[in-house]
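All values below come from the heavy atoms of this structure, side chains included, with hydrogens, waters and symmetry mates left out.
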Amino acid sequence: MEKERESDTGGFNNRLFKIKLLTGMILGKGLILLTRLLGRGGTTLPGRAVLKLDPAIPSALAGKLQDGSILITGTNGKTTTAALISGVMKESGLRCIRNQSGSNMSWGVTSALVEASSLTGKPAGECAIMEVDEGAFPGVVQSIKPKGIVVTNVFRDQLDRYGEVDWIRDAIKRGLEYQPEEGFQVLNGDDPSLTGLVAGKNRWTYGLELELPEDRFQNTGRDIKTCPNCNARLDYSRIYYAHLGHFHCPSCNFKRETPDVKLTRKKTAAGGGEVLEIELPDEKITMKSSLAGTYNLYNILAAVTCAVAMSIPSDVIIRSIEEAVPSFGRMEQFNWSGKSITMALIKNPVGANEVLRTILNQSDKISLMVAINDKIADGRDVSWLWDVDFEYFVAKKEGISIILVSGLRAWDMAVRFKYAGISPDSIVVEENTEKALNKILKLTSEGENIIILPTYTAMLEIRKHLNRMGLGKPYWES
Amino acid sequence: MVSINIYHLYPNHLNLYGDRGNMLALCRRAEWHGFKTNIITVEPGDLIDFKECDLLFMGGGQDSDQKLIAGDLKIRRSDLVAAIDNGMVLFAVCGSYQLLGHYYTAHTGEKFGGLDIIDLYTESGSRRLIGNAVISCPLWKPEKTLVGFENHGGKTYLGPSVKPLGKVLIGFGNNGTDKTEGAVFNNLIGTYLHGSLLPKNPWLTDYLLEKALSYRSQPHQLRELDDSFEQSAHLAAIELAGSKKHERLSTRA
């Protein structure tokens, strides 16, 4: 980018840009500092201000990364996949820049780059691993020119912002087309909406080749039901979750191809967690994982495939995946006076169903707190709550001692539980998240498991309260 | 026990935005009122008889799904029209509401013929109309409010033979200009409101159930239920819809 500028527009514009860059860095860093002092994450405002000053700044900063950047997009699994990939990079000796709070619009990416670079724009790292919102994706690809792109899946999410799943798929397609030709792309081979996309030459896919028990949460969230080529109804020989699985179209030739990287075996490990057998193009590897749930199998595969695409040796990959712990807000664990607290972000039907399924398979007696906000970052529309299979969950889960609902849309959630078959007498409503957290801590006894299911901004609030209680660090320090 | 036959049209194709919540509300409340419900899900090509149906529910769908089901519905059109003339209850949300009119245009500009059952048409707008909505509905005296969330690219215009479901207090409604939302024609109700509509507006659920009961058998007076949760959710939605922080979104189509 810098070089282009020099040759295209001459020295004056180049000097002008350098001044703008310096101004942008001072402004951006100042705003990050200021927002942090005010107890916020500093991920939105600084980036917005810098982009306003000159939208070429993130591109100039990313251009200085020695090993380039990798963008992760898709509906579910971005944060965990990004964390896993940066784990692999760290293990191979690279310092990564990340937008780890999940602020994944273009300004979040910009804030992260500004924060991690010197005033002259020199990055404090060799590579950037960024998760990017599907809608922001085409623009970020154009400006960052990533070396690698990982696409996890396409589900229904944030339709209040984007209207339709078809539109999201189209945004991802455009993003892939903007990537420089020498880059590599990693796509979920079990997602029919992605495999149909025409992608670059250096294209890798991953998928599951396991026998898993029947998916009881299937009645919801099947967002892609028809063949992306001919619109006929897709047939499946195996479904892992929602529309992810082994698909084929009965009327045209479209079908799941054998992926480059596949998970072929999974068994429970002796000391907890799972042992995974993964087939790479030319070797078979075995690793332990402490990340629960089918969705994490996909996240791990995405990260492994990305590492394989970068020719990272398999021992490095194994070591880093085995060390991985759940990311920010994704099944995070806290302990407080003998009570275990698990916090898992929920934001769309498919992701929420996966979290519920994981809870069903795990702990015994639980107290449940669900905190629903409807701010922009959560999605303004709370209709998705009705597509989450709370019916099945409350029918199957024995020993839920408390159900507490909170957040701006606490009453919506209260009604949701009522229609899922819970008696209104046993639903506690406390809109204020801090009061709700205190209440559930007070009402549960020692040794009990508290499960907190918040939407994104509710998660930030609850994190803040937990931090004040001395549990965990603010996310911008972790 | 009196039972109500509820037909759910194309749940695999028309299931956007929590439409499942509308079905749940109909079934749960019917049970709480002491009635049995028979749910019949209908997929394209299924053999069904609308004469057996008391209440038909159709949800919202994406353009690609809508295209697929429109063909199937057109084959059934004359049966459907006969049932509606007869007083069958039909509740249609978003995509299927558009489909009941003369025509609708997709965001690609493509024009599709509708079922021509009610006097309305839908043109695609340049921006999507998205946000919390509150309407005042004259199905009751005094009028009651209905709250929901709208998210549509199409702008719907009503002809003279249909009445709007309500007047927009907050939000866009049918087209963002004439302050109308939804349509009522015989026992057919079409609307852009989801969110889901029925759970947070229990009086509308009961209205549909009452109509379905009197269509099939004797008029029934439904019993009083404790709706304090639904009331609170309804009021909270009105407050949020009206607050400055919840400015309406109107994004590109």
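For the set B:Pro44, B:Ser232, B:Ala25, the entry with the most heavy-atom pairs within less than 4.5 Å of chain A is B:Ser232. Comparing A:Val382, A:Ile427, A:Leu385 by heavy-atom pairs within less than 4.5 Å of chain B, the highest count is held by A:Ile427. The candidate with the highest count of non-hydrogen atom pairs below 4.5 Å against chain B, out of A:Glu431, A:Arg416, A:Met413, A:Glu391, is A:Glu391.
Taking the six-membered ring for Trp and the full ring otherwise, the centers of B:Phe229 and A:Phe417 sit at least 6.0 Å from each other.
The part of B:Asp226 that comes within reach of chain A is its backbone (N, CA, C, O), which places non-hydrogen atoms under 4.5 angstrom from that chain.
Cation-pi geometry between A:Arg48 and A:Trp107 is met: under 6.0 angstrom from the ring centre, within 45 degrees of the axis.
Relative orientation of the A:His246 and A:Tyr240 rings is perpendicular, given thresholds of 30° and 60° on the angle between their planes.
Under the rule for a ring pair (Phe, Tyr, Trp, His ring centres under 6.0 Å), B:His33 has no partner lying at least two apart in sequence or in another chain.
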